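In this text, all values refer to a predicted model and were calculated from it rather than measured experimentally. The figures here come from the full heavy-atom set of this structure, side chains too, leaving out hydrogens, waters and symmetry mates.
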Amino acid sequence: MVVPTEEEWNMAKEICGRLKLFYNITELFSGRNYPTANTFFIKVCEIKEALYDWLICSNDVVKTMASSMLQKFDKYWSGCHIVMAIAAIFDPRYKIKILEFYFPLMYGSEASNEIEKIRGMCYELLSEYQSKSKLGQKTSSYGTSSGSTLLELNYDEQDPLSKFDLFVHSTIGESHTKSELDYYLEESILPRNSNFDVLSWWKTNGIKYPTLQMIVRDIYAIPVSTVASESAFSTGGRVVSKHRSRLHPDTLEALMCAQSWLWKEKEGDSSIHDSQPQLTMMDENDDLLVL
């Protein structure tokens, strides 16, 4: 058995220190806490930024390793960065500003074009979801109702303010029309807070942004890793066995959720919902965002 030299120990120490970032991100994405898709873009950008730093370090081994890693990174980045960026934009703590921060580091002079491409995709998504939900035209007033149809602008004798609605509608010109996305992006970003619950925020603000809420519900339901789903199937396999295979679906769901929450409590997490959303998804016709 050969004892490592001092130089080899220093090399191992340096590489381990650099790989700590990967360990922390892998632990976040591979855990059973169901991280939402808005966290993915920022962490992946941190990885690429670190790889660029490794390329200019004095250690040849690290530089070679970084070059090989960047080739694989770019291969997968081109196929998924748009969805990841959209998910980050719909986090009110970041919005477009997160792209303006990271993209110059990643694209250089092409950053503005990439940002506009992502922005355009957001508007295309808005238009598509408005068509699906029969919202029709863009929202013409701030604070639109969360219903799936536009306000009926007919006179109602039982409502004395129905004439007011007609007046407001007639005095708003087309030039002042703005979409939900315009209003959302124009609002100031929220302060970053580790305890911030993005799902609760969208649940509360769905009244102002009903179409954006539907987009967020679908985008944030995209799992950032397969660990959580594989864990659920594993747990389900232990609950439903050949000796117990006729459980009602609601009973099965209750057993699996209870087991998951009890494990979190045992691990010392007294605030279950801060780190793990509920395991039931919102139905298409529901008005609130419940994940």
Side-chain angles (χ1 to χ4, degrees), residues 21-22 25 28-29 35-57 63 66-131 135 137-140 142 174-193 196 198 201-202 205 208-209 211-220 222 224:
L21 172 66
F22 288 85
I25 294 176
L28 171 65
F29 291 159
T36 45
N38 58 309
T39 61
F40 198 44
F41 176 80
I42 297 168
K43 295 302 180 183
V44 171
C45 287
E46 288 178 11
I47 289 175
K48 188 160 189 179
E49 189 176 7
L51 292 178
Y52 280 146
D53 290 339
W54 297 2
L55 282 176
I56 58 175
C57 76
K63 289 167 67 174
S67 178
S68 177
M69 294 171 74
L70 268 174
Q71 290 180 6
K72 284 201 169 184
F73 182 98
D74 292 335
K75 174 184 175 181
Y76 293 106
W77 170 263
S78 60
C80 65
H81 75 283
I82 293 178
V83 176
M84 292 190 299
I86 291 174
I89 288 173
F90 286 124
D91 188 324
R93 296 170 296 176
Y94 305 123
K95 301 187 179 181
I96 293 291
K97 290 293 183 182
I98 197 68
L99 305 188
E100 294 174 351
F101 176 73
Y102 277 117
F103 274 18
L105 302 173
M106 304 173 78
Y107 292 104
S109 60
E110 293 296 317
S112 58
N113 293 334
E114 291 295 325
I115 293 173
E116 287 306 311
K117 182 164 66 172
I118 303 296
R119 187 194 296 268
M121 289 293 297
C122 290
Y123 281 98
E124 288 180 17
L125 269 177
L126 177 66
S127 177
E128 181 180 343
Y129 273 76
Q130 282 179 333
S131 299
L135 285 174
Q137 301 175 353
K138 292 181 179 180
T139 305
S140 59
Y142 187 67
E174 289 295 326
S175 59
H176 299 290
T177 300
K178 288 186 178 181
S179 69
E180 291 178 31
L181 186 57
D182 291 326
Y183 284 116
Y184 170 73
L185 294 177
E186 285 175 1
E187 283 191 347
S188 300
I189 61 175
L190 300 181
R192 288 194 308 110
N193 188 330
F196 178 74
V198 67
W201 189 92
W202 276 107
N205 289 271
K208 290 196 295 184
Y209 311 116
T211 311
L212 296 186
Q213 186 193 62
M214 290 188 289
I215 297 174
V216 169
R217 181 187 61 194
D218 291 342
I219 293 288
Y220 282 11
I222 300 173
V224 297

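- Residues Ala37 and Ala87 come closest through the heavy atom pair O-CB, 3.7 Å.
- Salt bridge present: Glu186 and Lys178 bring a charged side-chain N and a carboxylate O closer than 4.0 Å.
- Checking side-chain atoms of Ser127 against main-chain N and O of Glu124 turns up no donor-acceptor pair under 3.5 Å.
- A cation-pi arrangement is absent between Lys63 and Trp54, since the terminal nitrogen or guanidinium carbon is not both under 6.0 Å from the aromatic centre and inside a 45° cone about the axis.
- In plain terms, the two heavy atoms of Leu105 and Tyr52 that are nearest each other are O-CE1, 3.7 Å.
- Put simply, the side chain of Lys43 does not reach to within 4.5 Å of the side chain of Ile47, judged on heavy atoms.
- In this structure the side chain of Phe40 never reaches within 4.5 angstrom of the side chain of Ile222, judged on heavy atoms.
- Side-chain contact between Met84 and Trp77 is present, with at least one heavy-atom pair separated by less than 4.5 Å.
- For the pair Leu99 and Tyr94, the minimum side-chain heavy-atom distance is 4.5 Å or more.
- Taking the side chain as every heavy atom from C-beta outward, Phe90 and Leu212 approach each other to under 4.5 Å.
- Residues Ile86 and Phe41 form no side-chain contact, since every pair of their non-hydrogen atoms from C-beta on lies 4.5 Å or further apart.
- Side-chain contact between Asp182 and Tyr123 is present, with at least one heavy-atom pair separated by less than 4.5 Å.
- The minimum heavy-atom distance linking Ser109 with Ser112 is given by the pair O-OG, 4.2 Å.
- Between the side chain of Gln213 and the backbone N or O of Asn205 there is no donor-acceptor pair closer than 3.5 Å.
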*Where do Arg93 and Phe196 land on the side-chain contact (heavy atoms from CB on, under 4.5 Å) test, with the steps shown first?*
CA-CA 9 Å; Arg93 296 170 296 176; Phe196 178 74; 3.3 Å; yes
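- Contact of the Ile189 side chain with the Pro92 side chain is not registered, since no non-hydrogen atoms from C-beta on lie closer than 4.5 Å.
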Walk me through it: do Lys48 and Val44 pass the test side-chain contact (heavy atoms from CB on, under 4.5 Å)?
-> CA-CA 6 Å; Lys48 188 160 189 179; Val44 171; 5.9 Å; no
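- From Asn38, atom CG reaches atom CD1 of Ile98 across 10.5 Å, with rounding to the nearest 0.5 Å.
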With side chain to side chain donor-acceptor pair (under 3.5 Å) as the criterion, how do Tyr220 and Asp91 come out once you've worked through the C-alpha distance, each side chain's angles and the decisive distance to 0.1 Å? CA-CA 10 Å; Tyr220 282 11; Asp91 188 324; 4.9 Å; no
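- Taking the ring centre of Tyr184 as origin, the terminal cationic atom of Lys95 falls inside the region bounded by 6.0 Å and 45° from the ring axis.
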| field | CA sep, side-chain torsions, deciding dist, call: Asn113, Glu110, side chain to side chain donor-acceptor pair (under 3.5 Å) | value | CA-CA 5 Å; Asn113 293 334; Glu110 293 296 317; 3.0 Å; yes
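- What you find for Leu51 and Ala66 is that their closest heavy atoms are O-CB, 3.8 Å.
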